[in-house]
There are 2 protein chains.
Amino acid sequence: MRFETSTIKDIAKALGLSTSTVSRALRDRYEISEETKKLVLAYAEKVNYRANPIARSLKERRSYSIGIIVSEIANNFFSQVINGIESIAYDKDYHVIISQSHESYKQEKLNVEHLASRSIDGLLIALSSETQDIDYLRNLYAKGLPIVFFDRVPKDFETHKVIANNFKGSFDATEHLILSGKRSIAHLTNSENLSITKERLEGYKAALSKYHIEFKPELVKYCQHGGMHSTELEQAVKELLPLNPDGIFISSDRLTTGCIMALKKTNPEVAYKIAIAGFTNSNLVELFSPSLTSVKQPAFEMGQVATELLISMIEAKRPVTEFETRVLDTELVNITRR
Amino acid sequence: MRFETSTIKDIAKALGLSTSTVSRALRDRYEISEETKKLVLAYAEKVNYRANPIARSLKERRSYSIGIIVSEIANNFFSQVINGIESIAYDKDYHVIISQSHESYKQEKLNVEHLASRSIDGLLIALSSETQDIDYLRNLYAKGLPIVFFDRVPKDFETHKVIANNFKGSFDATEHLILSGKRSIAHLTNSENLSITKERLEGYKAALSKYHIEFKPELVKYCQHGGMHSTELEQAVKELLPLNPDGIFISSDRLTTGCIMALKKTNPEVAYKIAIAGFTNSNLVELFSPSLTSVKQPAFEMGQVATELLISMIEAKRPVTEFETRVLDTELVNITRR
DNA sequence: AAAAAGTGTGCAAACGTTCCCAAAAACGTC
DNA sequence: GACGTTTTTGGGAACGTTTGCACACTTTTT
């Protein structure tokens, strides 16, 4: 089965023009007379001409596509980011190719390399929770692939980055728990590698400190796989409960939902006694039981900003040397318990 | 910024061979001597040669990419389907381009046409709830674009289709409500256009009929926009509550969560008294309150099957004329209320 | 009236592949 | 050692674009 489409050549032949003239007319170049342009445009319209993007890409050495790496699309935070990315990309006539790392370093690397070999023009990536070694990204970047990081960003990598104000989001959530009377607040978080883990931990600590509550390292639990394996969550919960926390602050979307499930499974009684606050962009929080206070990231906007930055890099005439890290504010949403 | 990569020409020059020889050696053709092959392969490895997929696509007149249209990725059913699609596609060296219709016909058409002009080799699509006119798909199909429908399929369109056993899933859920003592069971469902709407309605009716419960049309509410606008759900709920249903069966993922929210918002008291059963692939149902009985579709598998069928069409030497509709069984998951 | 400048068009090369066709090399066979 | 076979290689066109350059024609300038 094959698509039959008309090409510039066909139009040229039909109109008795050269392919160059047709090409230029279609791209509305100044050299072509109005008359000819009209003629060509009209005919192109008639035969429903669509430029072959592959030929164009080959010639121009760019694909007008950008790659996205997220840990998983079945996660409201990431799917909202993707919506933001698409809203900008489509406007600027790029299309996006989404890949999921499922929080696996191996998968992430594989996907990135697959995308790169598919000649994407740029890459938007949130690192997997396993990722420590980003040399493979450095290599691609050095070869000229524009990269913009969002959400989970590496420390020493000079490029544009877009993140939420993790410190403040964390601080606010923790403070909220404190203000509602909690004094023994646990913190369940991602792999220590991640930027978000560090920043959110700092916010948590700062809030404790502000209210003169001692920081206890044993109340902090890390999940190496970002909650992809339910066992790691159950393990963490089992370790935390004996310490009798009266509140828990959870540091990412997947972990938040996973943790509540683990709590319910491990000890339903207690689950309803512990106050929960956590990062999540789920639009279903209102349905959750036990309820929780959520920190929402401006996911859509983050996607938009990251994409704008990436496209500006792609389309820059000269190598970009000035980079920025955009920090967007989170929002604390408090569901009143029924 | 530009990517610098080595090409077949570079290799040919470096090795004093012709491009044709190098190309054949890389593709492991029988005509080339073992010796030359080894030489070429070794060198290619050394310079980290990657075939330019765009050039290849241009020459072979196919892109090795398939388009996907779903209503939204922030929906567990669809994101699981996408995972299934990817699992097969990547194996067969296709990449996927995902587009969201957001249940809008206009957006769906726009996206499909965008994808088609991007020269995808085939299309996997679940129709939007607004879609009635699929002539634009017929046109593309007639021009040679292989299309496989899944979940929401059109009636009179001769191609492969993959669906869940909607009738049975519906029947089971409704029967479950009946067996737990409910007698006045409402049905909240999608736009009447959709195949799933009809099939699920039939299952619902059949269950009622089996237990000699009268079918009351006023207990069935349709949501034209698939629950994308929260107002349509609230409207539907407001209309239903005065009829005092003791159970409600909801016919799709988005609607199920949306309906529970609308119920809670409209009348929290009643929300906990009505027994709820609904189609949903959310992995968070255990957290929901009020709890519900869910009908889970084999989403991952549906994606896999659809992709296999699509790729078989793409790679068929002669036009395919025998089509199949695969029907996969759903699963009824009953959460015991805490 | 000739030179200069401006306008519109076409030729042909290039992007990186694949593959048809022919040519060269290696090998048997008598 | 001349001839047919087989094996291995190379030349070059093609996929559908874009674009530098040259050319022809018209208009303006001096």
Is it possible for you to check whether R152(B) lies under 6.0 Å from the centre of the six-membered ring of F150(B), through NZ or CZ, and within 45° of that ring's axis?
-> no

Residue set satisfying salt bridge (charged side-chain N to carboxylate O under 4.0 Å, His left out) with R24(A), at least two apart, ordered chain then number -> none

Base, sugar-phosphate, or nothing for I54(A), non-hydrogen atoms under 4.0 angstrom?
-> nothing

What nucleotide, of dG16(C), dC11(C), dT9(D), holds the atom closest to the side chain of S33(B)?
-> dT9(D)

Side-chain contact check for I8(A): nearest option of dT17(D), dG10(D), dG16(C) is dT17(D)

Pairing of D151(B) and K161(B) as salt bridge, 4.0 angstrom limit = no

Would you say dC15(C) has OP1 or OP2 under 4.0 Å from some side-chain N or O of K9(B)?
-> yes

Checking all strands, does R24(B) fall into the base, sugar-phosphate, or nothing category for heavy-atom contacts under 4.0 angstrom?
-> base

Does the dT18(C) base have a donor-acceptor partner in the side chain of K59(B) within less than 3.5 Å?
-> yes

E35(B)/K37(B) salt bridge by N-O under 4.0 Å criterion = no

With heavy atoms under 4.0 Å as the rule, sort S23(A) into base, sugar-phosphate or nothing.
-> base

Parallel under 30°, tilted from 30 to 60°, perpendicular over 60°: which one fits the rings of Y90(B) and H114(A)?
-> tilted

State whether E324(B) and R326(B) are salt-bridged, where the test is any N-O pair (Lys NZ or Arg NE/NH1/NH2 against Asp/Glu carboxylate O) under 4.0 Å.
-> yes

Between the two end axes of the helix from dA1(C)-dT30(D) to dC30(C)-dG1(D), each built from 5 base pairs, what angle do you get to the nearest 10°?
-> 60°

Across the strands shown, which category fits S20(B) at heavy-atom distances under 4.0 angstrom: base, sugar-phosphate, nothing?
-> base

